[in-house]
Structure formats: structure tokens, C-alpha cells
Amino acid sequence: MSTTPLKSDAGPALRPAGLLEVRDLNIGFRSGRTVRPVVEDVSLALAPGECLALVGESGSGKSVTARALLGLNAANAVISAGKLEVLGTDVAKASERSLRSLRGKKIGYILQDALVSLDPLRTIGQEIDEALRAHGVRSATERAARTEAALLEAGIDDPQVRIRQRSGELSGGLRQRALIAQATVLNPALVIADEPTTALDATVQAQILTLLKSFKDKGRGLIIISHDLAVVAELADEVAVMKSGRIVESGRTAEVLTNPQHAYTQALLDAIPSPRKTAGRNDQPVPPSSDTTVVATTPDTTAVTTAVTTTPDTDQAGSNITSPAKTGQRPSELDPNAPALQATGLFKSYPQPGGGSRQVVRDVSFTLERGRTLGIVGESGSGKSTTARIALGLSRADGGTVTLGGLQWSGILEKERRRHRPDIQLVNQDPLSSFDPRFTVERVLGDALHAGGIGTRSDRTDRAAALLDQVGLPRDVLRRRPLTLSGGQRQRVAIARALATEPQVLLLDEPVSALDVSIQAQVLDLLEDLQRRLGLSYLFISHDLGVIQQVSDEVLVLKDGQTVEYGDAYDIFTNPRHEYTQQLLAAVPALPQRANKTTGGPA
Amino acid sequence: MSTTTTSTGPTAHTELPRTTASKGALPLVILKRTLGSLFVLWAAVTVAFFVLRLVPGDPVKVILGPNASSPSPATLASIREEFGLNQPLVLQYLDYLTGLLQGDLGTSYVFKVPVLEILGPQILPTLQLAGLAMVFAWAMALAFTLLTVGRSPVLEALGRSVEVLFASVPQFWAGIVLLVIFAVVLGWFPVAGNDGFAALVLPSLALAIPLAGFIAQVTRTSFEEALVQPFVLSARARGLSDWSVRIRHVLRHALLPGLTLSAWAIGSLVSAAVVVEVIFARQGLGRSLVDAITSRDLPITLAVVLIIAAVYIIVNLIVDVLYRVVDPRVQEEPA
Amino acid sequence: MSTAIQDPAVTQPPGPHQTSRNRRARSGDLARLILDIPLGIWGAAAVLVFLLLAAAAPQLFMTHDPYAVDPSAAFTVPGTEHLFGTDQNGRDVFSRVVAGAGQSLLIGFTATAIGLTLGGLLGITAGVMGRFVDTAISRAVEVLFAFPGLLLALIVIAISGTGVITSAVAVGIGTAPGYARMLRTQTLQVVAAPYVETAHALGRSPAYTLWHTVIPNVVRPLLVLATLGVGQAVVWASSLSFLGLGAQPPAAEWGAMLADGRSYIQIAWWIAVFPGLFITLAALTTTVVGRYAQRRLEGQE
């Protein structure tokens, strides 16, 4: 950290140039009598036609910094800066009136999710019109003409139709374009985009990035804020990596990404999901002990794991926790030679509100072999979650069959299914809502153990603690409520709960989509480690190709409820045969190859 | 709360107030809702009719009055005949329904004249009272919301406290205090009566104060919610001033739940008018109801109950339709 | 993996929105818990304790016999001898207000208990029994809503006659539809919650889930709801008394006293104003304390 200010001072981000000059910006939030610093000593500069990216994880202060450029921080923000000059205006000292003439006219500001970033009660046309009106465009015909032009510029082909629609009536991509149009209608010299593509499907994301790129060619300065280094790589000329309110590294994009100096930047780059390098994971020898992986993520795990396996009085518990599939206390009737989960010809439709029905799953089949990972990937509306619910037996398919470890799983009475439910467990995107709000972690896990018929009342606390050890959480988490845990910790608790019933199959529905990239990497490592140790089979559902590519042995690509491609992960990702898969892969933002790539180990 | 940086869908923060209003094309919905309202009205009539028959005591005694000394069986029979009480209950009910459709609410047991003749002149004063109270309540609630939400902590705390206080004040105590201050001490308004607008001010204020507290609490919450929505930030970033954002964007969102609340409030205002009419010695439905309950005058009791129920149902119908104008999202399918 | 990156919540200060909540969650100790409570809540709690004490043991505070008539002392202005003055019969208004606390609060609590029980039965049944029962109950509740505010209570009074007990029952029934609607919504939310689905996926039977997951989560906020309801019930019950349909004079009940004082408003404002003040205080303090409890409960879970 000590070398950082030096580097950023010397870095090219500080060249005194045109649009923006920020030196030693400090922002804190006052609560009561104390001021909590959130941004410290940040310096930025930007030339016309260039793009600067602020990259960091949640809480790094990147959005707060961006808002400071427009003078839009919350009322309790305390801002001080050596210099805070945007397009010739000293934002720190400027009056509200002069700031207003800056906003919209000279600086366009684009927020993340257009569904809520445009007033859901007003039409697109009204929103854009308002920007023109606020900056003194009096003639209604002129406003109408410029609104249309702005929509066209943002890549909306039928502006006459769209101006009459509200954001809720548009698709995600159109909506984001409309949001961009309202921010750029006055042709601002500087555009600030805060996570402009985060909520979008990969193909749409690529289109929006192209649009933003075109702004640079028009001579606009662009500041893009993102948690995603890959997105940034496509667009930015300069990158500033933020952590805990400070810029830890900055410089030309290519240089930062290929030759990162700061440990945090390296760690961020390492955390990005990367494809396996060989075909079929199971060809690789399984390491006898996975201690190294676990140690890196959670330092206190090794000791505890060892304790569990060696302490004599928990011997049985310990061994069965280490390998539930083989010596589980809970007898399982699944056939060890049959595929873990098999679906054949699944169909599902939902009735439409206006009558008729919509086919969400059409003839989907897959086989999940034991100890392997089947990745299901698709964009929103592809039917992947419905497929998951059918596989879990929570939703009944209109046609097709599912077998779980050779047993009939679909089309049977819930009463019969219930006996085998402990064999297949679920981890979903938002673990918090899956915990009974009354429960502490101890009760969450104890309840799952009870449901699986595992252990006795007296030893459940020990077993719950052992489960926490397995997922790399300290034991004092037992007494906490899930609400007080961080996102990553919650997801670990959810995994521990899923493991409690000694399942053979885990259904992972977007398990890391809500997590910061570094946490995401830790959770993925944990999952991989658990699979190796416990012989689990994973059905892994995600919209994120990078994640799917990293975890999967086989991949099923879904589009509009239909199988587009299904087969070996390596084959599909290296040699996609279907056009849609090719499109998907092409849309994934790529990082440049790194010179000094470090593969794990403490930096 | 959660560290959401990536989300798979656009559902991350759409917790804006929604109504319970039904979806579909407008004319169809109006038709549906009207039929539904008619059903509720019919059910309310039926429930009220049969439940009020449970009132103990022989109606004939009420009809004869307290001074009647042991009437002859012939007199009793003729009275029963005259008021239709000799028929089976179901027939009486059908008779009542038929009468209702023709605008006949029956004959008062105590006054022996058609109910409508007695209640007719009472309806307007009560509706005026409730209407003006609603106007006052909204004016106060809007003032609180626009002036104190999202302002300095002191103003916020002040607004909040006043709202809780207002919401806790019973109408009759508000009435008494207003009476003491503005009528007795200051003498600005009459102490009691029905004459003109001046006599209407204090009673409607008394009704409005607790309602203003309720509405303001609801609008405050939704105003606060709307104020932190990203579209507000977008609008500010477009160069709009704080006030125009509040009025053009935030307020509309904040009004939606208040509107639903108002539909409920009109009904309870009309029934709360009972208390205020007694305090200010005003004419009105409320006083007629209390008098009728005390004197066991069944037809009047029933009629007042039905009028209030009808007002409530009609206002709700109107608000439900109005809501769809203010919030067009109700009509559309999520994209 | 590098150790440079860790879970943000472990290493980083909490974000702007979560400060207070996290601080609260971490400070388990009682002292911090008490220091966290704002001054206004303390004030409200103190008044509430006073009202409860007055209800339980009025003799602690009464300076005079609340029913002792003394025509020579009628209409005494509030002062040191008679804190709140005297009424038309020379009775001490303060002592009568204190004596009235018991009855008013008892009616309030009874009415709330009745309302919550009825509303809870209807609402929870509607929420868990599925479409047909739900539609039937919801329609019925909707019809009851057509008798808004006091009206339903007045109908009950019309049938059962005036009196203290009937007014408690009347207010209870009058508030029941509101509770029914609230608890139905609450139940539907719980039934649809992912943690109920998780119980399903764990292999729990519907009956087990209903008793161990759904109902506890529906009932959990009821205590707070009850606190909020008592204030409202006190106001409604005193409205009935004020109209002469609840407790009857000369009973020292706040609503009845206020009705009594209305006739003398032009010569002795205090007879009506003080009982009304206490009704307001009862409603205000239960609301403030109840809301606060609600926020704390939601904030911690």
C-alpha cells in the first residue's frame, strides 16, 4: 500500500488534461459526531476521447467518487480535495445552480439498472424531454427532434414508438439505451457510466459496450465504473483500481491488466473465472489432500478439519462428514452405479395471464454423472431455473422423466419423494431469504441435520460446528443470525446446510452471482474442494459463461427453453458448433493475456 | 444489505408501492370491479339486515313508544301488519330488497315516517364534513411530506413527531381542544351548529387531524423510499433542481399508497363523523345513527349503515379506477 | 488464491446504510443496548409505565376519592389542591382520570386480544388453506370492510346493548377485519418465502412446515402488532363511551368523563380536556413504543 500513492502520482492518470482534474479527493460520511472516511486521497484526470475506468469491489468507494464529480453525494457527505475541477468548474465550491448547469448538459450520468433508473411512471420521451427543458430548450418541436435524435444515437431504431413507452415496457437492452439517451441528449463532453452493463445478458452487454465505445470516437470523455475488469479491458484507456476508498494502482489499461504491480490487482485478476485448460476434469489426478486450496481461502480450516478427523470421540461423525456418500450415517437407497441425476425429454409450460400458455422448457435432456459437474448456461428467460426446479422435484414437468441415482424421481407422490430429498439439496443465489428469519446459524444447520435424520439432539451442535469447519467458517458463526453475516459467509452457511443431510447431488442455482469477484472465487474453490473430498455431483446453473467454463465437466446451453448444445465443456468452449453458443462466447469480454500470471498462493 | 454487484435480473430493487388493483384492459376491469362492488354492496345489505334482526326486544314495543300501556292484541296485530313484521323473515328481506331498489328504505319505528324523509337532510352535511376533512387532511399531509422528508435531521424529527402525535389524537379530543381554543377562548368560530362554512371548519379539522397523521406517515414512508430510488439520482444528474425532482418524480410515487388509504379513510371519516357531530352538536348521519341505536329504531339504523357502506364501496371503486390512471404500470405486463 | 482479498464484511468498514444496524448487532451487551434507545422512546415508555401503574394500583396516585361529590367545590380551576380541577359535582378530575386508567386500558387490551384472535384465525386460515377457502374468507372480510371504522363496532353495540363488556367485544370485532387482512398478507408472504421451499426441499412434510415454520413466522410480529393495537382500541372504546354506548356515567371512564365535560366546555374546559389528554397519551405512547419495538425486531432479524 505504501508504494501506491507514489505510483498513482507518477501514473499517466494524472496528466493535466482537459476534462477533469481531481487531486487528493477525500470523502467521508458523517453519522452523529464521527466522520467515516470512504474515499481517501483519490486523484484522477481525463482527456477528451479517452476512457478512464474505476474498478473495485462493493464498498471500494468508486461510485461515491463518481457522484462527487457531479456534486451529487448524500447530504451527510464531507468532501475535501486539493482540486476537484470538472470541465472548468470547481465542483467543491460551486453553487447548486452552477452544478445544475453542469449536470446533464456537460456531464452525462448513466446508472446501473434502467428499470429503476428511469422513472417507472413516466415515458422515455418525458424523461428525455425533461433534460432538455431543464437546460432551457424552449421550443417543443426542437425538443422532440432532439429526443428522437438522441434515441437514434443510442441505437434505438424506432424512437417514435419508444418515446411513448415506459421503462417497464422495454427489454433490458432497449431500456439501457434509453437511459443512455437521456444522459447524452445534450451532447455532454463527459459521460460517467456506473456499472452500465451489470444487469444485462452477455450479448446485450456487448452491444452496450460498443455503443459506449462510439462515444470516445465522438471526442467525449468517458468514465466507466465497474466491478468487472474484463468489461473494462474492452473500453478503457486508463484504469484506476480502488480498494477501501483508495486507488491502489492506476495506469494504461493494457499495462495494468497484463502486468499488475499491486497484490490486490493481481488477486482481482486471479479471481476472474477462467476456463479449464484440459478436457474433462476427471482426467486430472485428484490430489489426496486439498489442504492448500482451503488454507488459502480460510486460514483456520486446516487445523479444524484435522481435529475433526482425528479426535477419537467424534471419529464416526468425522469420517462420515468427510465422505457422506460412502459411509454416511443416513442410509441412502440411491444406486451407486446409476447416473446421479438424469433428465429425459422435459417439457414445461406456464399459463399466460391473457390466456394460452408459454412453453418455458422444451425437450430438455441431460445426464449428470457421479462426482461430476454439469453446467447449465443460458440468458434470462432461457428456462434454466425452471429446469432446476423440475430436477429438484419442486415443480412438476408436463412431460419427461427425472431419475435420481437410478430411482424414479418425477411423476411420483411427494410422500415417496420426501424420503430421498436429503440426497439432493439446493443452494441458490440469495441465501438470506432461504433462512428462517428466526433462526441462528446453529438452528439453521441443526434443523437441516434433523430433517436428514442425522445425529441426535445432543450432538447436533458439534455436527453443526463440523459443517462450518467444512465450509471454512469459524465456529462463532454458530451463534450469529444470517442477516449479520456478509454475502460470502451467508453463501457458505447455505452450502453447509445443503451438506448437512449428506446429499449426493447439489443443485447450485446461480450460487455466486450476487458475490464480489474475489468472494466468488473463494466460494467456487470451496465448491470444487468439497466435490473432490465428498464425491458430490453438481448441477450448476449460471448466466455467467466464465463461471460455467471454470466449473463444468459437461455443459448444457439453453435458449428459449431448448437445448442449443450439450456435451463436453472443453469441446463446447473451444469448438462451439451452434451459432448461438458462438455468439455467447464472442460476447464475453476478454482480458488480455498476463505477463506475470501468478497461480494462487499468497501474494 | 447484501453485497450485490452482479445480479441476473432486473429485480434487484423494485420495491416501489404497488396497488392491489386488478390487471387487464380498462373497460373490462371497470366492469369487473363494478360487478364486484355490487356484490359486496348486496352482501353488506344482507349481512346488515339479518344481523340487526338479532337486536333483542320486540320492535312493536319500540313502535308503540315507551308510554304505551298494554296494547290490545288487535293493535299489536295491526302494527305488525302495517310494518310487515307478521311475515316470515325471508319475505321481509325480499320486501326490503325490492323497496331498496325503488329507493324506499322503510319506515322509522320511532317517527313513523319514511326513513328517507328523516335521513335525506342529514346526508349532505355529513358528506360536506367528511369531504372538507379529507381536503384538510391531504393539505396537512402534503405539507409535512414536502417540507420535512429528506430535509435536515431536526426537521425530519419534527415532522415525524407531529405525525405520530396527530395520528394518535382521537377525533373527539381534537374537537374539544379546537373548541376550547378557537371557539371559547378566541371566539373565531361558532361553538356548535350547522350554519355555513364557519361552522364546518372546526369539526372537519377535528376529523382531519388524525387522518392527516395517518396519511402523512404513509406518504412519508413511500416518499422516503422513492427518494432513494436510482431514477431520482438520474433526474438530479439530468440537471433538475431538488424541488422539481420532489414534485415531478418523487411525489407521484409517494401519493399512490396515500390514495389507497384515502379510499378507506372516506368510509371511516363518515363513521367517525358520529363523534364529531355529537361534540359540535351538528346535524348529520352520525347523530341519527347514535340516536337510532339508542332508541332501537331498526329501519334508521339499517339505513345509515347501508348509506355509509355504499359510500365506502363507491369511493373504493372510483379510487381503484383512478389508481390505474396515476400508475399505468398496473395495466402492463412486466417486460 | 491470494489472501489479499477477503470477505468485505470481515475486513472493511460497513457501508453507509448498514452502520447503525451492524453496530447494534455487534454490541450484544445490555449497556449499549440501553444507550441505543432514543430519548423520546424513554419518555413514551415512562408515561406508559405510569399509565400501567395507575391502572394496576390507582390508590398510588389518587389525591381524592374519584366518586366523592362535593357541590361546594364544583368547577374548581386546576391548581395545587386539585391538579386538574374539579367537575360539575366537585369531584377531583385528576383522581378520576387516574381511576379511569384501569378501565380504559383493560377494555383496550381485551378488545385487542379479541380482535387479534378473530382476525388471526381468519387471516391465517385464509393464507394457508389454499384458493377456495382463501377466496371465501377474503370476500367475507371485504364485506366486513364495507362497515368501516367505528361502524362495525356500532352494529355490535346495537345488537348487544350498551356496557363496558359489550364495548370491549364491539371494538374487538370492529378491529378484527383489519387484523384478518394484515395476517392473511403476512401468511401468504411467509408461505411463499424461500425458506419454506427450503424446508420442502429438506424433505419436511407440509404439516411439519406449517407448524414449525409458517405459523411461528406469522405469529412472531403479533406482539408488536398488539402493542400498536391497544392504543387504537382505547381510542375506539372511549369513543363508544363518549357516545353513551359504552361505560355509563358516573363511571370514571375517560370517554364518559369527556362526554360529561362537553356540556361545560364554555365554563370549565378542564373537565373534558384532561381525560382526552390521557386517551391521547395512551394511544401515543403505545404507538411510539410499539413502533420502536417493531423497528428493533425487524432490524435484528
Side-chain angles (χ1 to χ4, degrees), chain A residues 57-59 67 70 72 75 96 100-105 107-109 111-122 127 130-131 134-135 166 168-172 175 179 182-183 186 195 198-199 227-228 353-354 380 429-430 432 483 486-488 490 510 513-517 519 543-544, chain B residues 1-18 22-25 28 150-153 155-156 225-245 248-256 325-335:
Chain A
E57 297 187 284
S58 44
R67 280 173 205 186
L70 294 130
L72 276 179
E96 176 67 19
R100 283 213 306 268
S101 66
L102 201 64
R103 296 175 195 144
K105 193 168 188 181
I107 312 175
Y109 185 50
L111 277 152
Q112 179 175 343
D113 183 355
L115 183 64
V116 284
S117 299
L118 290 170
D119 192 331
L121 293 180
R122 310 176 89 220
E127 293 280 275
E130 187 180 79
H135 292 286
R166 285 173 302 277
E169 297 170 273
L170 301 178
S171 69
R175 207 186 279 151
L179 184 67
Q182 63 87 31
L186 285 137
E195 303 273 7
T198 298
H227 68 284
D228 190 337
S380 42
Q429 179 180 352
D430 171 25
L432 185 59
L483 185 75
S486 71
R490 284 177 198 159
E510 303 273 9
S513 299
L515 303 175
D516 270 336
V517 62
I519 312 300
H543 71 291
D544 186 333
Chain B
M1 282 302 302
S2 67
T3 53
T4 311
T5 50
T6 326
S7 85
T8 44
T11 51
H13 26 216
T14 45
E15 304 301 327
L16 284 170
R18 288 293 189 106
S22 30
K23 289 183 182 273
L28 196 72
R151 305 288 181 185
S152 73
L155 265 181
E156 285 250 16
E225 273 171 20
L227 209 53
V228 297
Q229 290 293 316
F231 66 78
V232 170
L233 192 62
S234 271
R236 299 278 325 263
R238 230 177 274 149
L240 260 66
S241 70
D242 189 42
W243 268 104
S244 20
V245 173
R248 279 204 239 166
H249 292 270
V250 182
L251 191 59
R252 192 162 167 200
H253 288 268
L255 292 186
L256 296 176
V325 178
V326 187
D327 187 353
R329 283 173 300 180
V330 181
Q331 285 153 43
E332 73 211 17
E333 283 302 300

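Since we're looking at a predicted model, the values are computed, not measured. Per chain, numbering begins at 1; letters A, B, ... match sequence-line order.
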*So, for B:Leu240 and A:Ala134, which heavy atoms are closest and what is the spacing to 0.1 Å?*
CD1-CB, 3.6 Å
*Could you look at A:Ile107 and say if it's the side chain, the backbone, both or neither that has a heavy atom under 4.5 Å from chain B?*
backbone
*Is it the side chain or the backbone of B:Ser241 that comes within 4.5 Å of chain A heavy atoms, both, or neither?*
both
*Identify which of A:Arg67, A:Arg122, A:His135, A:Arg103 forms the greatest number of heavy-atom pairs closer than 4.5 Å to chain B.*
A:Arg103
*asked:* side chain to side chain contact (heavy atoms under 4.5 Å, CB included) for A:Asp228 and A:Val517? Distances and angles first, verdict last.
replied: CA-CA 8 Å; A:Asp228 190 337; A:Val517 62; over 6 Å; no
*So A:Glu96 and B:Asp242, side chain to side chain contact (heavy atoms under 4.5 Å, CB included) or not? Walk me through it.*
CA-CA 10 Å; A:Glu96 176 67 19; B:Asp242 189 42; 5.7 Å; no
*Which portion of A:Leu121 sits near chain B, non-hydrogen atoms under 4.5 angstrom*: both
*For the candidates A:Lys105, A:Glu130, A:Gln182, which exhibits the highest count of non-hydrogen atom pairs separated by less than 4.5 Å from chain B?*
A:Glu130
*Ion pair present between B:Arg248 and A:Glu127, side-chain N to carboxylate O less than 4.0 angstrom?*
no
_Regarding B:His253 and B:Gln229, do their side chains bring together a donor and an acceptor under 3.5 Å, going by distance alone?_
no
*asked:* At a 4.5 Å cut-off on heavy atoms, which part of A:Ala131 comes close to chain B: side chain, backbone, both, or neither?
replied: both
